[in-house]
Each structure stands twice: as structure tokens, then as C-alpha cells.
Amino acid sequence: MDNREVARILNAMADMLEIKGDNPFRIRAYRRAAQNIEGLAEDVESLIARETLEEIPGIGKDLAAKIHEIATTGTFQEYEKLKAQVPSGVVELLTIPGVGPKTAQLFYKRKGIDSVARLEAAARAGELRGLPGIKAKTEENILRGIEMLKRASGRMPLGLALPLAQEITTRLRQVKGVTRIECAGSVRRMKETVGDIDILAVSAAPGKVMDAFIALPLVREVLAHGETKSSVMTRQGIQVDVLVVDPKAFGAAWLYFTGSKAHNIHLRDMAKKKGLKISEYGVFAERTGKRIAGKEEEEIYGTLGLPYIAPELREDTGEIEAALTGQLPDLITADDIRGDLHVHSTWSDGAHTIKEVVEAARRRGYRYIAITDHSKGLGIVRGLAAEDLTRQREEIDRLNQGLRDFRILAGIEVNIRADGTLDLPDGVLAKLDCVIASVHSAFRQDQQTMTERIVRAVGNPHVHVLGHPTGRLLGEREPYDLDFDRLLEAARANGVAMEINASPYRLDLNDAHARLAKEAGVPLVINTDTHTLAEFDHIHLGVATARRAWIEKKDVLNTLPLKQLLKRLAR
DNA sequence: GCCGTTTTCGGCCCGACTGTTTTCAGTCG
């Protein structure tokens, strides 16, 4: 059973409990459990096998039993019982922005509305007004919410949201009176997908910022327009909130709007136990109401006896505990990257010559790159055969002779065939500086076949790196069905590194898998898989993923100086 | 339903915005 399916059922349970008006803390417990299960890199099945479910924060005896039941039967009794009472269409009403459990329950109880379609019809016909608290305006809002729902495209990949957020901050920074503007939310935490964009500003004239914001050309619809807080829907289909805050409280607001929610709740809980209260306005002494901190995030962590915690870590997955004991990782930064080990050129499907990509890499301050074009077996691109590699090697040698303080490594991205053998003979691979092995075909093999296939490839003595190890494409293709633990074991045993592929459509390994790889002692490389020069910039997305995985400079091979890297690759 | 260097029972984060109110409930983040 897929972790996401377990999480879906727990969330659905929470939805139904909400509609029924059940204990809010019980509902929160289900949601927290769902979230933590979803963020797990490991399958719940294996946790059940090891009887370690209850080690997940927020999962106690009861929930562990229910999760066990879900994993074995696909559902659990209490959930089925509740499903008979609350029609799924009523639960679906909750997906409409502005419609919560109370409203959904009201419509169902009083009007028998049990689907979005029926609600839409009722709102159009003006049949909702007259219900307690409902008038024409609410009907309008419901219709608007349904429209938004129809257009909603779900979460946006970070690679798209980040430039959008940067564009908005850049434009608002020019508004008169703005002295500071920063991105918050999951964009700042560099989560791989983003539900909305949160931006925080300091300004002497908040009204001007609000007006400028809602007038931006990328705004499709204004959802809220207050004195200091406004929300819009953009043409790209993502919601953006902008907030103007008091400079004295900027740190508190930034912390609050950066989240994650779970991180904030944990901090507030800690504060409460110290007789403090944290809100987006600062840290206050509970008894006197006096403000103790608020200007900078560091101060706020300080009041709790904590060092600063990087946004990428703020998921309540152990970072607060680590901070308390001085065990926070010294996270890798983009400046630590000395070269890119996964680069395509015109020799296969890249858009630029080796000379051109080398120049671009040097402009970035890199000291080396590996040219890793595709091997020939890959039907969809012009892959290289052994004799092509010989000629390519000659070109690389020639270019290297003219370079100082920079080295082009001769490499290949060799296909892992369906049976786990590689596309090129060992004798050819042996001559190369950097061999990346990747799966590009037969994605749907069953778990055992796929695992054995990749383990076999990793066992080839000439392979240095496993490229985009799980094969997922964000929002497009599921990861391969893979026993990741076994793969990590094989990688460690053979000294093969795992790639964090920084392509915005891949981010593979993802944060959770990369963290497991680190914990298993498997080295990592962060590569862009560049096909066009602009893609070199994606390295920051890969570094962000690594940071979310608690990865340090020493965990990543392409932070090494050239000599040490070559030594490491030569093994 | 979880959880415990203030508790194994009684707590559980905090505030803005909206639309409906005439003091507030619901929703959202």
C-alpha cells in the first residue's frame, strides 16, 4: 500500500469528522498523522513489519492500529462506518474555497446538497439565501469558489513558482515606501511543489503596496483586498498573498508565514511551556503581555533557547530537537558546488557544443564538468556508440589542453537496460572519468524486477553515479516501484553515488530519499542534467533539495576539489 | 487522538478577513 493512499484515507477520515463536528483535536491528530505518513521516504509496510509505526510523531497506539488495518485491508472499520453517514459528495464540498465543514453540513442537512454540481445549481437558482448566515453575497462567493476549483491546477512545481515569486517581489520592491520585501511560505522552504506564494513587506505606506500588488498585470482575480493583507489569483493559476507588517515584528511575521505549520505549532507549544506566547506579532510574556522579541527570526529562536533554523529544515521532522542539542547540520550551499557531473552536449540531445557548455560552466565559477551524453541504446535520442566516444574523447582532450584551472571530464549517461545490464561494454566504460547509469525505459517493472535491475547496474564496477534514481517526473510520472533500502545497501557496498537531479521536473532524489541516502552513508552528487545553458541555473533547486535532506558539503562529491574528486572516481 | 523536566488526565497555536452579524461564526493560513 502506497503511503499516499494511507494519507489520503486518514485525511478523508478527518474531513468526515469535521463535517460531523467531532473533537477538533482528534481531527488534527488524523491530519498530522496523514502529513507525517506522506512525508515518509519509507513504505508504511516496512514500518509495520519492524513494528516502528508508533515512532512516527503524532502516531500513537490507536492510529498505529488503524494504519495497520489500512495497510492490510485497504481501509478501516470506523472509516467505512462514517462513509455510510457522510456522502463523499458532501466531503467534496470542502474543496471549494470558502466552504468549510460547517457550511457543507448546513447545505447537506437543510437542502440535501451532496455534490458540487448540486451546490452550483442551488447557488445559481438563489436557493441558498435564507439559510442562517447565507445571503446573496455568499452565493456569489460560492459560485466564484467553484469556478476557481474548476480552474485550479493543484500545486505548482517550485521551479515555476520561484521565478514568479521573484518577479512579484522585484516589482513591489519598486513601490514607494517599501523598505523590505521577502518571500515566505513553502517557496522559502523550497518545497518541491508550492500551493500558494506568500510575500511579506515592510512599508511606511501599506495601502500603496496593496494597490500596486492587486494592479500587477499577472493578477487574474482579486480574492481579498485589506489594509495590510491581500490575496490574488494569478494568470498562472496560483494564489499569491502579500502582507505588510510592522518592522518591529518582521521576524515574527516572517517566521510565521514561512511555516511549516507543524514547525510553528511546535515552537508555540515550547513557548507556552516557558510562559511565552508567539504570534506573528512577536514573542510576548504571557503574564505581562510585554513584547520580548520580534524584529529578527534569530531573536525569536533565541527566546526558546534555540539557534537559527534554516527554512529548508522547518518541517518538524526533528530539526527542533536537533537544534536543542546543538546537532543541526551545517547545510550545503550553492557556493560549495565546484562542478556539474551531468551535462549533455550536441554529441547527443544537448543544444550546445562542449566548448559552449564549458564556457558557461567557467562563467559560473565551476572548476570542472563531466560531459555525459546518452548512450546509443536509447532510441529517442542520438546516443553515442563506442566509436563516437573515442572521437568525443579526442575533442575533450584537445579542449582540455587549452584550459587552465578547469577540467572537462569524459563521461557517459549509460542506459540501464531492462535486465540491468548496461548499454556499453565494460571495456568502453573503463576508459571514462565519470559513468552515470540511468533508467530510461521499461519504467513499469514490478518491484522485485526493478530493484534487481538497478542493483545489478550499481554493481557494475565502472559505474560511479546512479542518475535520477527513482525516475519520477513531478506531477507526471510516479517513481519506479523500488525497494529503496536494498538499493541504498547496494550503492553503499559498491561506493556508487546517488544523484540529486536538479531538473525542476525531476528533483530526483527528492528530499526524503536523499535524507535516507545520507543516513545510509551513501555519497551524493548534485547535477543539473543540463541540455541547454540556462539549465545550469537549476543547480540551486538541487542544492535546496539537498538542504531539505539535511545534507552537508561533506556528503556531496561534486563539492570536492578536482584532484580529490578524480581520486574518488578512480577508486 | 496524542502526549508528558509543570500533567497518565486535561490540555492541545494564534490571529486576520469576510459576511453576517449588532458581538460573532466560519474559514483560512
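In what follows, every heavy atom counts, from backbone to side chain, and hydrogens, waters and symmetry copies are set aside. Chain letters run A, B, ... following the sequence lines, proteins first and then strands; every chain starts at 1.
If you check every strand for non-hydrogen atoms under 4.0 Å, A:Lys277 touches sugar and phosphate atoms only. Contact annotation for A:Asp62: backbone-only contact, meaning every heavy-atom pair under 4.0 Å involves sugar-phosphate atoms and none involves a base. Among the atoms of the strands shown, only primed sugar atoms or phosphate atoms (P, OP1, OP2) are found under 4.0 Å from some heavy atom of A:Ile278.
Across all strands shown, B:dC17 forms a Watson-Crick or G-U wobble pair with B:dG26, both key distances being under 3.5 Å.
Listed here is the closest heavy atom pair of A:Tyr79 and A:Met13: CA-SD, 3.8 Å.
The separation of B:dT6 from B:dT20, taken at their P atoms, amounts to 47 Å, rounded to a whole angstrom. Here the separation of B:dT21 from B:dT27, taken at their P atoms, is 16 Å to the nearest Å. B:dT8 and B:dC2 have their C1' atoms separated by 12 Å, given to the nearest Å. A distance of about 14 Å separates the P atoms of B:dG4 and B:dC13, rounded to the whole Å. Comparing the C1' positions of B:dG1 and B:dT5 gives an interatomic distance of 24 Å, to the nearest angstrom. Using atom C1' as the reference point in both B:dG10 and B:dG15, the two lie 24 Å apart (nearest Å).
For the pair A:Arg32 and A:Phe25, the cation-pi test (distance below 6.0 Å, angle within 45°) is failed.
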Between protein and nucleotides 18-27 of chain B, map the contacts as a letter string: B base, S sugar-phosphate only, - none, heavy atoms under 4.0 Å, written 5' to 3'. SSSS----SS
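Each of A:Leu94 and A:Ile27 lies near DNA chain B, and the nucleotide nearest A:Ile27 is the one positioned closer to the 5' end. Summary of the strand contacts: A:Tyr281 and A:Leu63 both lie near DNA chain B, and taking for each the nucleotide with the nearest heavy atom, the more 5' one is attributed to A:Leu63.
Here the CZ-CD distance, from A:Phe250 to A:Glu296, works out to 8.5 Å after rounding to the nearest 0.5 Å.
Distances were taken from every side-chain heavy atom of A:Arg28 (C-beta onward) to each of B:dG29, B:dC12, B:dG1; the shortest belongs to B:dC12.
Between the side chains of A:Tyr30 and A:Lys66, at least one donor-acceptor pair of N or O atoms lies under 3.5 Å.
Contact annotation: A:Thr228 side-chain N/O to B:dC17 OP1/OP2 distance is under 4.0 Å.
Residue side chain A:Asn23 reaches the base of B:dG1 through a donor-acceptor N/O pair under 3.5 Å, judged by distance alone.
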